[in-house]
Amino acid sequence: MTNELPDPVGLPRRKVVLAGLFGAVGSQLVLIPGTAAPAHAATVSLPGSGYTLSATGSTVTVVDADGTARLALGGYRAGSVSTTGGTAALGQAPDGTPAIVMTYAPADDGTTVTGTFVPRGRRLEVVFDIRSTTLTSYSNGMMRRQVLPSSVVETAHTTAYWTRDARGGAPYQAPGYAVYDESFGDLSIAVCAKGSNTAWRDSGALHLPATETAAGSKTFRATAWIAVGAPAEPQLAAALAVGATFGAVLGSDQPFNIWTSASAPLTLRAAVVNGRGRRALIIDWEVRDFDGKVVGRRTVRPTVDAGAVTEDAISFSVPGRGVYFASFTVTSGSDQLIARTNAAVLPPHTYTEGDSSQFGSAADYLEGGAEERELLRRLGVRWSRHPQFSAEEQSTYGIRQNRLRTPASLTQFDGDPEGLRQYIDSELDAAESDNAVYYEVANEWNLKGGVLTGTGAADYVTKWIEPFARRIAERGSPVRLMSVGLAGMDSVYAQKMFDAGLAQHIHAFSLHPGRGNFTPDYGPEGTGTPGSTGNYWNFYGSVRAAQKMLAANPRPDGKRIELWLTETYACTQPNVWWHEGYRQAAENVLLSHLLAKAEGVRAALWYQVYDGVKANPEGASQSNPEYHYGLMLRDRSPKPSALALAAAAEALDGASFRSRLELADDVHALLFDTPRGPLCALWSRADGYVLNADHESGTSFYPTPEPWVDLWPTKKSLTLATTGDTVTRTDCLGRTTTLPVTGRKVTVTLDGAVRLFRGLDAGALTRLARSGR
C-alpha cells in the first residue's frame with residue numbers, strides 16, 4: 001500500500017455543495033509582503049509528487065510543477081529560538097524516506113533546532129526538533145511560513161473527528177487539526193497542525209506548538225503536515241495531509257440542513273477520502289427520527305484509489321416537522337470512520353410579537369449573513385444580548401439588541417474620575433449608536449469572591465452602577481441600565497447590591513439560572529449549596545427567588561424591576577452526568593421558557609446559538625462544557641434544542657399566563673391564554689427531578705443515551721374534559737398530533753417530557769386540581 005496522493009485530489013464541486021459547512025466560519029488573513037522567493041539557485045532540492053522542495057540558506061520553498069515558488073518555510077521561533085540562519089543537506093527521515101535536513105544556527109543560550117522536510121508523495125511532513133537547556137514549554141511556538149505571492153488570502157479552519165468512548169455512551173467529536181488553506185486557483189496547499197490556535201498567526205508565521213518527547217528530556221518536537229493538490233474541504237485536506245485512513249464530510253444543499261417542507265425527500269451528501277491504497281469500502285448510512293424509527297438506510301461498496309475522493313448521498317422521506325439523526329460509517333478491513341450530522345424539517349411561521357417577546361440570544365459571537373439571520377427569526381429570536389445587528393438588520397429581522405461590557409476590574413478607575421467619565425461616555429456612545437435598549441454592566445462578578453460571599457457587591461453599585469446611572473441622566477440617554485449578570489441566584493450578592501441602593505438606578509435585573517442535572521422545574525427552597533453535589537445551580541428556584549427579591553425592592557417610582565435571564569442553558573456535553581443529552585435538552589428548552597413566562601420573566605436569552613466558543617468557533621472539546629451550549633451542532637446542523645426553541649416561541653407568541661395547577665399523581669399543569677385559544681402544558685414528575693440519577697459516584701463519566709431513547713419509564717394516563725371534539729398535543733419539537741375525543745373526554749399519556757395541549761377544558765382542570773384527585 002502507498003500513501004501517495006494522485007493529482008488532482010479533492011472535489012472542487014464539493015466546495016460549492018458543502019460551502020455552508022466550512023466557508024462561512026473560516027477566518028481569513030490577507031498576507032502582507034515578507035519572505036521573498038529565493039533569488040538564486042537552491043543548493044539542495046528534493047522532488048515530491050507534483051512539487052519540489054528547494055532549500056537555500058535557512059528557507060525551504062515548495063515549488064509547484066510549473067517551477068513557481070508557492071510557500072516558503074523559514075524555520076521555527078519560540079522564546080530565544082529564532083531560526084534566521086541554517087545549513088541544508090540531503091538526509092532521511094527515521095523511517096528511511098529521503099528528506100531535506102536543515103540544521104539551524106544555535107540560539108545564544110545554546111538551544112538547537114533541526115528541521116526535517118519529508119516529501120511523501122503529495123504530502124509533505126515538516127518536523128522541528130528542539131533541544132533546549134532553558135525553556136520548559138514551547139506551546140506558543142510558531143512555524144515561519146510565507147505564501148508567495150504575498151497577496152494570496154489564507155483561510156484558516158479547525159477540524160474535528162467523531163469517536164466513541166470505550167466505556168460506551170454517545171459518539172462525540174474530538175479535536176482534529178487546524179487547516180491553513182493557501183489557494184492558488186487550481187492549486188491548493190493545506191498546512192495542518194495539531195493543537196494550533198488559528199488566531200495566533202501573522203503574515204510570516206503560524207502557531208505550531210511543540211511538545212516534550214519525554215518527560216524531563218529537554219527535547220521538544222513540533223510537526224506540521226502539508227498537502228499539495230487541488231482544492232479540498234478542510235476536513236478532507238487534513239485527512240490527506242496527515243495520512244489518515246479515511247476522512248469524510250457530511251452536508252446538504254440546505255442552509256443548516258433545515259428544510260421548510262417534507263413534501264419531497266430530504267437528501268444528505270457525503271464525500272470520503274481514502275488515505276490508503278486502492279481498496280473496496282463499505283459505506284453505511286442510517287437515519288432515525290426522534291422516536292427511533294429508521295427513516296433511511298443505505299449501503300454501497302465502492303472501490304476507491306489511494307488518496308481519491310468518493311461521493312455518496314442518501315435520500316429519505318419523512319412525515320413532516322422534526323429532527324432526523326444521520327449516522328455514517330466507512331469501513332475497510334480493520335479501518336473504520338464514523339461521522340454524524342442532523343437534519344430537520346421546520347415549516348415557515350409568522351410571529352405576531354415584536355420586542356414584547358421574551359425570546360432572545362445570549363450568544364457573544366454570530367457568523368453573520370442573511371441565512372443565519374433568517375434562521376434566528378424563524379426560531380423566534382427577538383432580542384440579542386450583544387450588539388451584533390446593523391440598524392438595517394434590526395428593522396428587517398424585527399430584532400432589538402442590548403450591550404454588555406465587563407470592565408477590566410472593580411477598581412479600574414479608582415482615583416481617576418475623569419477616566420471613569422470618559423469610559424462611560426464611550427460606552428454610552430456605542431450603545432446609542434447600536435440602538436441598544438439596555439446596557440448591562442459587567443458579567444458574573446459574583447464569582448470573583450465565590451458565590452454566596454457578597455464580595456464586592458456594594459462597591460459594584462457605588463463604583464459602577466451609580467456613575468453610569470448619573471451619566472445616563474445627565475445626557476438624557478434613552479439607554480436603560482441593567483445590573484451585572486449573576487451566576488446563579490446569588491441571594492447574598494444580590495441583597496448587598498440592593499442594600500447599597502441598586503433599585504434606585506436600574507430598570508432590569510440580570511440573572512443566569514445555571515442548571516446541573518436537574519429538570520428546569522426543580523425549585524428548592526432557599527439559596528442552595530454550590531458545587532456538583534449541591535442544588536445551587538437550578539432554574540426554577542433561582543427564578544422564583546429573584547422575583548421574590550425584586551418584589552421586595554421596587555424602583556423609587558414604584559415600578560417593578562424587570563427580570564432578564566441573560567443566559568439560559570441546556571448544555572449537551574457528552575457522557576457527563578452533570579449535563580443532558582440532546583433529547584433531554586430539547587424537553588428542557590421548552591419547559592424553561594414555559595416556566596419563565598409563568599414567573600413573569602421579561603426575557604430569556606438562550607446561550608448560545610452554536611456549539612463552540614468565541615475564540616474557537618469551529619473547535620471541539622469533549623472535556624470542556626463551554627463547547628456544548630449551542631442550539632446547533634459544530635457542523636451547524638440543528639440539535640433538537642433548536643426546534644424546541646421554535647416550538648416554545650410559537651406556543652407563547654402573544655400568550656399571557658393564567659395559573660399553575662398541581663394535579664394528582666405528580667402531574668403538573670401550566671395554563672396560558674393565547675390569541676389562538678387556551679393552552680395547557682402538562683407533564684409528570686413520577687420519575688423525579690434529577691437527570692442521570694443512576695450515575696456512578698466518584699466519576700463524572702455517564703454514558704449519554706442516543707437522542708431517540710425515551711428516558712422516562714413511568715407513563716401516567718389521565719382522562720380529561722375537553723371544550724369540543726378536537727384536542728391537539730404538541731411535543732418539544734413542535735410536532736402536533738390530533739387526539740381522539742369521545743363524549744367531550746380525552747385520554748392523555750404523560751411523563752417527564754412536557755407537552756402542550758389545546759382543546760382541554762381549563763375550568764375542569766382547575767376544579768380537578770382543587771379536588772386533589
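Please read all numbers here as calculations on a predicted model, not as lab measurements. Just so you know, these numbers use all the heavy atoms, side chains as well, and skip hydrogens, waters and symmetry mates.
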Exercise. Is there a side-chain contact (heavy atoms from CB on, under 4.5 Å) between T310 and N274 once you walk through the steps?
Worked result: CA-CA 8 Å; T310 185; N274 172 29; over 6 Å; no

Exercise. Should we count NZ of K293 as having more than 12 external heavy atoms under 6.0 Å?
Worked result: no

Exercise. Are D289 and R735 ion-paired here, with the side-chain N under 4.0 Å from a carboxylate O?
Worked result: no

Seminar exercise, completed: Interatomic distance, CZ@R515 vs SG@C571, rounded to 0.5 Å, equals 9.5 Å

For this session: Quick one: pull up CG in L711 and CG in L691 and give me the separation to the nearest 0.5 Å.
Result: 8.5 Å

For this session: Would you mind checking if R373 and E393 are paired as a salt bridge, meaning a charged N to carboxylate O distance below 4.0 Å?
Result: yes

Exercise. For the ring pair F328 and W285, is the centre-to-centre distance below 6.0 Å?
Worked result: yes

Exercise. Is R301 atom CZ crowded by more than 12 heavy atoms from other residues, nucleotides or ligands, each under 6.0 Å away?
Worked result: no

Problem set entry | Worked check of side-chain contact (heavy atoms from CB on, under 4.5 Å) between L605 and Y607 | CA-CA 7 Å; L605 312 183; Y607 183 88; over 6 Å; no

Problem set entry | Separation of N402 CG from N435 CG (nearest 0.5 Å) | 11.5 Å

For this session: Run the numbers on E580 and Y569 for side-chain contact (heavy atoms from CB on, under 4.5 Å), then give the verdict.
Result: CA-CA 11 Å; E580 53 225 84; Y569 314 92; over 6 Å; no

Exercise. Are Y351 and S357 close enough that some pair of their side-chain heavy atoms sits under 4.5 Å apart?
Worked result: no

Exercise. Parallel, tilted or perpendicular: which fits the ring planes of F518 and W578, with parallel below 30° and perpendicular above 60°?
Worked result: perpendicular

Problem set entry | T352 and D653 side chains, donor-acceptor separation under 3.5 Å | yes

Seminar exercise, completed: Smallest heavy-atom separation, G307 atom then L240 atom, equals O-CD2, 3.7 Å

Exercise. Counting N and O atoms only, with roles assigned by atom type, does the side chain of R377 sit under 3.5 Å from a partner on the main chain of T350, one being a donor and the other an acceptor?
Worked result: no

Exercise. Going through the checks in order, is the salt bridge (Lys or Arg N to Asp or Glu O under 4.0 Å) test met by D731 and R755?
Worked result: CA-CA 5 Å; D731 70 2; R755 293 174 178 84; over 6 Å; no

Problem set entry | Note: R321-E650 ion pair, threshold 4.0 Å (strictly below) | yes

Exercise. Are the side chains of R758 and L679 in touch, meaning some heavy atoms are under 4.5 Å apart?
Worked result: yes

Seminar exercise, completed: Residues F316 and A343: closest non-hydrogen pair is CZ-CB, 4.5 Å

Exercise. Taking 4.0 angstrom as the limit, do E567 and R385 come out as a salt bridge?
Worked result: yes

Exercise. To the nearest 0.5 Å, how far apart are CD in E587 and OH in Y582?
Worked result: 15.5 Å

Exercise. If you take all heavy atoms of D710 and D751, which pair is closest and at what distance?
Worked result: OD2-OD2, 4.1 Å

For this session: Report the distance from atom OG1 of T329 to atom CD1 of I338, rounding to the nearest 0.5 Å.
Result: 7.0 Å

Problem set entry | Closest non-hydrogen atom pair between A647 and L733, with its separation | CB-C, 4.1 Å

Seminar exercise, completed: Interatomic distance, CD@Q401 vs CD@Q394, rounded to 0.5 Å, equals 4.0 Å

For this session: Answer yes when E367 and R636 have at least one side-chain N-carboxylate O distance shorter than 4.0 Å, and no when they do not.
Result: yes

For this session: Please step through side-chain contact (heavy atoms from CB on, under 4.5 Å) for the pair F359 and L379, ending with a clear verdict.
Result: CA-CA 9 Å; F359 292 86; L379 297 183; over 6 Å; no

Problem set entry | Side chains of F539 and L565 in contact at under 4.5 Å (non-hydrogen atoms) | yes

